[in-house]
Every structure is written in structure tokens, then in C-alpha cells.
There are 2 protein chains.
Amino acid sequence: MYSSELIKGTLKTIVLNLLKENGKMYGYQITQRVKELTNGKIQITEGALYPTLHSLEKSGELDTQKEYMGKRVRKYYSLTKQGHVTANQKVNELTDFMNTMKFLLDLEARTSNG
Amino acid sequence: MYSSELIKGTLKTIVLNLLKENGKMYGYQITQRVKELTNGKIQITEGALYPTLHSLEKSGELDTQKEYMGKRVRKYYSLTKQGHVTANQKVNELTDFMNTMKFLLDLEARTSNG
DNA sequence: CAAATATACATAAATAACTTATGTATTAGC
DNA sequence: GCTAATACATAAGTTATTTATGTATATTTG
């Protein structure tokens, strides 16, 4: 597990990108998928996820669709048109940021080598 | 400029790494150097930096040394032995995290391609 | 079949790392 | 002399999280 400060700020990007690639997902599924894909290195808590999903829905990035499995409800989320745009922007911004960070760290390492 | 959430959590790592490579630096110099190295994409505010420096000093990562340029004081910071260890840990953790994030984003992109 | 665990949602209080605003003082440029 | 840059510092407000708690159904295990 990474120190939590690092993960902060990337949650919306992770969620939007997962939905972009998987079409639709429900909350619990997102937490499990991220845990699985990162070998437990990134674990999204439900206390963080659900408010984020609600906020993305409110701001028009996500649509919801309820599905009943017996008596249990699953709330599926999918990207709106606007959500697709935001997803791309967020992924690009994060990629750019990480490249800048790597440059910042690598450059300094190179300087010390001569 | 990146949205501020992204930069959160990386400030200590940036500062420790800069000090590791440059030996000693003072606060204002750190803000200018980061701005310069990232073409203004990352701008560390003084309100964020000074408390961080104080906190790193308090926790034993940094030593300080005052230098007088005429009447003006500069407070130089440098890594303690423990600070070197922490700097390496933080850089490794950030690098690992960024690789995990890239995998998470790239994997999904690859999945959509077939 | 009872108990524990997993699935699945949700919210609210507390916390941490910032931003924004403000303050002081010296130095440089016009 | 005025403005901007240099150089420090702190405090209030914001925001995204963590931690804690709650509800309910479904599955596994003894």
C-alpha cells in the first residue's frame, strides 16, 4: 500500500478511466478491480469512492442505472458524453504530470552523475 | 499548471530529492528551481513550502544553517543522515506509484485495443 | 442452521495537506 | 520615492480524503 497522500487526487481519474474502458461498473466492483489490477497496492475505500461517484454524477460526468440481482440492488455507473471528454482530459493531465515528475527526479539524478 | 490535487502528496518528495542532489538550498530558492525545471508547470507556494520545511526539520529529516547576505537572512536546509534514507524511500515509493498508475491506465487502453 | 464473512450501498465526523490571505523586512530597478 | 523581487513566516479556510458507523442481502463454514 502506498502512503495515502499519493493516491489523493488520482481517484476521479482512475474511476473515469475504468468506466471508459469497461462501459459500466458498480461501486463495489470498482474497488475490487483496482485492488486486483494493482495487486493490492491501491485500495479504494468505500468512504472515498461513493462520495466521488455521487459528485461525478451530480456534475454530469456519470449516468446511473439500477439492476436488481434478486433482492439486492446494484447501481451501475457509465460515462456521459461529457464524462468521456473529462476522462480523456484527466488521463492526459495525469500522464503529463507524471512525466514532469519523472523529469524532475531523473534530471536531478543525472546532475549528480555528471 | 496542474490541478492542485495532483501535486498534493509529492511536495515532501520533491523537496527531499532536490536537497539530496543540491546539498543545501533555501526556501525561496526551492520554489524558483522547481518552477524553472518544470517550465512553470509546478509552482510551489510559500504557504505550502515553509510549513513543510519546518515539519521535515522537526521530524529530523533536515538541518538548518543561517547565512547572512548583508542584513538579509537566508535559512539553508540540508539533509540529515535520516533525511537521506527518507529521500530515497520517498523517491522509490513515488516511482513505484507512478509505474502502477501508468500500468492501470495503459492496461485499460490496451484492453480496448484487443 | 447459526455465525462469520463477503457483497453492496450510504453518510458523517475527523484529519491532513494544501490554498489563499496576510504580515514583516530587505534589496533592486526605474 | 515607488514598485517589484527576494526571503522569511503564520493563520484561516478549503477539499479530498480516512475512519467510523450504519443498513441489508448473500454466501460460506462449522
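Order of the sequence lines sets the chain letters (A, B, ...), proteins ahead of strands, with each chain counted from 1. Source: prediction; values computed, not measured.
Note on A:Y28: every side-chain N or O is 4.0 Å or more away from OP1 and OP2 of C:dC9. Close to C:dC9, at under 4.0 Å from its OP1 or OP2, lies a side-chain N or O of A:Y50. For D:dT10, one of the phosphate oxygens OP1 or OP2 lies less than 4.0 angstrom from a side-chain nitrogen or oxygen of B:H54.
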B/S/- contact track for nucleotides 23-30 of chain C, protein heavy atom under 4.0 Å: ---BS---
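Between B:E46 and B:Y28 the shortest side-chain heavy-atom distance falls below 4.5 Å.
For A:L56 and D:dT17, the CG to C1' distance is 14 Å, given to the nearest whole Å. Taking atom NZ of residue B:K58 and atom P of nucleotide D:dT10, one finds them 12 Å apart after rounding to whole Å.
A donor atom on one side chain and an acceptor atom on the other are found under 3.5 Å apart for A:S59 and A:E61.
Each of D:dA7, D:dT17, D:dA9 was ranked by its minimum atom distance to the side chain of B:R74; first place goes to D:dA7.
The existence of a salt bridge linking A:K24 and A:E67 is confirmed by a sub-4.0 Å separation between a basic side-chain nitrogen and an acidic carboxylate oxygen.
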For nucleotides 11-15 of chain D, tabulate all protein N/O to nucleotide N/O atom pairs closer than 3.5 Å, reporting atom names and distance.
none

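For the side chain to side chain contact (heavy atoms under 4.5 Å, CB included) test, no residue two or more places apart in sequence or in another chain qualifies with A:K71.
Nearer the 5' end of DNA chain D, as judged by each residue's closest nucleotide, is the contact made by B:V73, out of A:Q43 and B:V73.
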